[in-house]
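First comes the structure, then the notes that go with it.
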2 protein chains.
Amino acid sequence: MNGDERAILERYLRSRGLKMTQARETVLTAFLGLESHVSADAIYEAAKRLDPGIGQATVFRTVKLLADAGLAREACRDDGARRYEHAYNHAHHDHLTCVECGAIVEFVDADIERAQEAVYRRYGFASSGHRLELYGLCPDCAPFDEP
Amino acid sequence: MNGDERAILERYLRSRGLKMTQARETVLTAFLGLESHVSADAIYEAAKRLDPGIGQATVFRTVKLLADAGLAREACRDDGARRYEHAYNHAHHDHLTCVECGAIVEFVDADIERAQEAVYRRYGFASSGHRLELYGLCPDCAPFDEP
DNA sequence: CCCGTATTGATGATGATTATCGATACGGCT
DNA sequence: AGCCGTATCGATAATCATCATCAATACGGG
């Protein structure tokens, strides 16, 4: 299952004169085994479970490589720490976050995507990605249920 | 010109049993004199120009108050530091940022806003705000001009 | 003008990330 | 298989942004 990602990372490293090492493979495996929206520290914890001797600095360095290689995507850091999510085989999506309980809904909305393209055209920009975070109260946290 | 903002801040402070002080007025003035998207540190520098004796902690504390009072809005921290922008007399807008030169276009798009409301409804969320950042290359930085 | 309380500024603490550095592992070459 | 230059590692110290602490001070109602 990890074959694709491993190959992508290796190809990326090769192209930059970097090496596919044990530690990097460990971090990749740790990252792939976690759910979306993980902090670098959470990846570090997971990596330590696979290889107790791995260093925190290595994890930070490698996660950055994963992002450069297109395997990880940096999610907006709402609180203190940066968060990462899977970017391979995990189509683009936006987030709808409950400000009360922290629940996150991932969604894609064709109308929004279309309207964004129109904005790019309007200002003569070439698109290179976007980040949309909607905040609100989820049904469970809303003060009262819909009438 | 600062009258409105000053009054808003004072009213907000009153309502919470807090006081309108010299230091807070200095921070407010410093903030209002800066362009949008400033870091707390930039506000600190500006405030020091108005009152060299002001402390950094005071600026951090006060900027947070400005945000609570509705005078400042927290913009997404793309790099390391949190950024603030004016929120009073400065309607809601989203950002279109050039990844090359850092130019920022502020825009509002009715279609996007409408589509976002639809997403909230679809998932039963009550809206409490959103953050949209479009990234791309501005006309000046694009590899070649439009055909 | 006084007093209780909010505020201040300096400083230390924290958390996340990055830089440094000697030791080590890779991997192409022979 | 073994050597060697270089990339990498892990530990640790350094940074950066932000927050907490605390004694000294300023506010403002009475």
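In what follows, chains are A, B, ... by sequence order, proteins preceding strands, each numbered from 1.
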A/A81, nearest nucleotide to its side chain (from D/dA7, C/dT17, C/dT8): C/dT17
Shared hydrophobic cluster, B/L34 / B/I104 (ILVMFWY, side-chain heavy atoms < 4.5 Å): no
Proximal nucleotide (of C/dT8, D/dA11, D/dT18) relative to the B/R24 side chain: C/dT8
Closest to the A/T21 side chain, choosing from D/dT8, C/dT17, D/dT18: D/dT8
Rounded distance (Å) that lies between atom C1' of C/dT18 and atom CZ of A/R82: 10 Å
Under-4.0 Å salt bridge between B/R114 and B/E117: no
Between D/dT8 (P) and A/R14 (CZ): distance, integer Å: 12 Å
Candidate nucleotides C/dG9, C/dT17, D/dG10, ranked by approach to the side chain of B/I54 - the nearest: C/dG9
A/H130 and A/H92 aromatic ring geometry - parallel, tilted or perpendicular at 30°/60° bounds: perpendicular
Touch class at under 4.0 angstrom, heavy-atom based, for B/A23 against every strand present: sugar-phosphate
Pair A/R131 + B/E133, salt bridge at N-O below 4.0 Å: no
Position toward the 5' end of DNA chain D (nearest nucleotide), B/M20 or B/D41: B/D41
Out of C/dT17, C/dG9, C/dA19, whichever nucleotide has its closest atom nearest the side chain of A/F60: C/dT17
Minimum-distance nucleotide to B/D51 side chain [options: D/dC9, C/dG9, D/dC19]: C/dG9
Given C/dG9, C/dT18, C/dT7, the nucleotide with the shortest approach to the side chain of B/L18: C/dT7
5′-ward residue of the pair B/G53/B/G17 relative to DNA chain C: B/G17
For atom OH of A/Y44 and atom P of C/dT18, their distance in whole Å: 16 Å
Check: A/L137 main-chain N/O paired with B/Y120 side-chain donor or acceptor under 3.5 Å: no
Interatomic distance where CG belongs to B/L13 and C1' belongs to D/dA26 [whole Å]: 15 Å
Nearest-neighbour nucleotide for the A/R61 side chain, C/dG9, C/dT17, D/dG10 considered: D/dG10
Nucleotide nearest B/K64 when distance is taken to its side chain, options C/dT18, D/dC9, D/dC19: D/dC19
Of the listed nucleotides C/dT8, D/dG10, D/dG28, the one nearest the side chain of B/K19: D/dG28
